[in-house]
Amino acid sequence: MSIFDYIVSKSADEQERKPFSPTPYRKLSSALDIAAEEVKTQYPDDSETVKGFVKALKEACKARCKKASGSDQPPIDMAAQFFLSKDQMRAYACLLPPENGGEAIILEEFLDEMHRKGISYGILQEKIEQELQRGPLRIFLAARGTLPQAGKDGSVAELFPQLDMVHLEAQGSSQVDFSQGIHMQPIRKGAAICLIQPPIKGIDGSDVTGRALPCPQSNSARIPQGEGAIVREDGQALIAGADGILYSKDGLFCVQAQNIINGDLNQLQEPLKVSGNLYIEGNVDGGAVIEASGDIVISGKLGEARATSVGGTIRVQQGIFGALGKTFLSATRQVQSPTIENAEINAGTSVIAEAISSSTIHCDGTVYATGGCGTITGSLIRAGESILCLQVGGPAGDHNRFSVGYPPHSPESWNQLKTELTQTKSTIKKLWDNITDLRKKGTKILDVESSVLERLVEQRDLYIKKRESLTAELSILDEVLSKKSSGRIRCETLYPSLEVQIGRLTQKVTTTVEACDIHVTDNRILLK
């Protein structure tokens, strides 16, 4: 037989030969590859975990096949294999088939084996029972851990806008914008400023081995608690610790303690005297009497009433419309009102208004009427420093009397002392004349006339002492009023008539003057 015929006949024999039967291990390996693709499709994020599990399963199958081969080998029971993901949040299982007549695994044995492998949490028992019935060589999820559940941080819901503290006394300014209202937020004790939501704690997780996975810590909200604000006992609200004014400082809510009167205050109320600040929501009228050791804020109008701030400022938001002899205001600091009409006012640092009419004002500092129409008409004003306005008087010829540059009561007292001293001297002269006439009678004087003479001498001595006292007081005031003053009266237009006093100097202006700047130079009152 030629080599060609041999090759041809050998090829024909190979074509007629049956395919090589796969070994049991190859069948197991092929089944595992199929199972791996199924589980990768189901859990794509665990592809690498499944890949590693399949490799371990094939090694186990190879060892079992080798152990089961040959005659007279003992039976090998079905076995459960487990594999954990890298983060230990999932445990995969696979059943390897029994060999040589071995027995199938039951649920209890499967679970026992899981525990021996350290898998103790998130066991999917229902899934396991289904897989035990479906048979071996299937890769399935047998346990799943739980991720920690984040809680919720606490929060604060603010019920009021954050307003800056209102400093009632105008600083370095001659004007107050009365049209804007008073941006104050009165609040009652116990009223909620903010609602507080406490933090909600999260839930810890666990991997399949039972190792705890702590949840992130929930943080309490920053509570904007400032002075005068307190956290309610249940911790769910920030509340006002007292009646007062709510304001914000450095992002914190604060409460300035203040007495609050809702609505109007009139003659039906008793005289009101409070310690601290006083806020009145409405009008004050009808002969009401109020006194506070701090600031007084009246959001409405003031009519026939008496208001005294012992240590602060008085602000009347909608104007003072009083009655002569029935409306009085006294403040250690400022008096502020858009309109001052028919009122008597005593103020410490300044008086700020837009219009002043038919009023008497004594102020240690400066009287301003530079906002709005800025007019002063028919008023007596004595200012320790200056009077600044846009217009004095009007075409109707209102008469005004101003004094500036000295303690506000000094010029008035000086005039009164001069008048009283003149009257006292006149009385002494009359007494002397009467005494002289009676003494001229000598021994011829009657008993009645003698008695009268004694009384006249007594009266003369008393009036002489009074003259000495008045002279001393006037001398002190003379010294005060003789000092140089920087006090001024400035206005854009001055209508007659205006009676001016600066120190001991007086002058009456009876003509209209524009761009007026009344002051003293070289012991003379100048208008420009």
Residues in ring pair (Phe, Tyr, Trp, His ring centres under 6.0 Å) contact with Phe160, at least two apart in sequence or another chain =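 In terms of ring pair (Phe, Tyr, Trp, His ring centres under 6.0 Å), with neighbours along the sequence ignored, Phe160 is linked to no residue.
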Does His399 have any ring pair (Phe, Tyr, Trp, His ring centres under 6.0 Å) partners at least two apart in sequence or in another chain, and if so, which?
->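 Result, ring pair (Phe, Tyr, Trp, His ring centres under 6.0 Å) vs His399: none returned.
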We want to know whether [X] and [Y] form a side-chain donor-acceptor pair, criterion being a heavy-atom distance below 3.5 angstrom.
| X | Y | value |
| --- | --- | --- |
| Ser403 | Arg382 | yes |
| Asn415 | Gln501 | yes |
| Thr493 | Glu514 | yes |
| Thr377 | Tyr495 | no |

All side chain to side chain contact (heavy atoms under 4.5 Å, CB included) counterparts of Asn283, not counting sequence neighbours =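 Counting only residues at least two positions away or on another chain, Asn283 forms a side chain to side chain contact (heavy atoms under 4.5 Å, CB included) with Asp264, Lys301.
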Identify every side-chain donor-acceptor pair in residues 196-225 under 3.5 Å, counting partners at least two apart or on other chains, and give the distances.
from   : atom 1 : to     : atom 2 : distance (Å)
Asp204 : OD1    : Cys215 : N      : 2.9
Ser206 : OG     : Arg211 : O      : 3.4
Asp207 : OD1    : Thr209 : N      : 3.0
Asp207 : OD1    : Thr209 : OG1    : 2.6
Asp207 : OD1    : Gly210 : N      : 3.2
Asp207 : OD1    : Arg211 : N      : 3.0
Asp207 : OD2    : Thr209 : OG1    : 3.4
Asp207 : OD2    : Arg211 : NE     : 3.0
Asp207 : OD2    : Arg211 : NH2    : 3.1
Ser218 : OG     : Lys152 : N      : 3.4
Ser218 : OG     : Ile200 : O      : 2.8
Gln225 : NE2    : Ala229 : O      : 2.9

Nearest-0.5 Å distance that lies between atom [atom1] in [X] and atom [atom2] in [Y]:
| X | Y | atom1 | atom2 | answer |
| --- | --- | --- | --- | --- |
| Ile280 | Leu272 | CD1 | CG | 7.0 Å |
| Gln334 | Thr366 | CD | OG1 | 10.5 Å |
| Ile518 | Ile489 | CD1 | CD1 | 4.5 Å |
| Cys389 | Leu494 | SG | CG | 8.0 Å |

Residue pairs, two or more places apart or on separate chains, that pass salt bridge (Lys or Arg N to Asp or Glu O under 4.0 Å) and touch residues 455-477 |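 Residue pairs passing salt bridge (Lys or Arg N to Asp or Glu O under 4.0 Å), neighbours aside: Glu420-Lys466.
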Excluding sequence neighbours, so at least two apart, what forms side chain to side chain donor-acceptor pair (under 3.5 Å) with Lys441?
->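 Lys441: side chain to side chain donor-acceptor pair (under 3.5 Å) contacts with Glu449.
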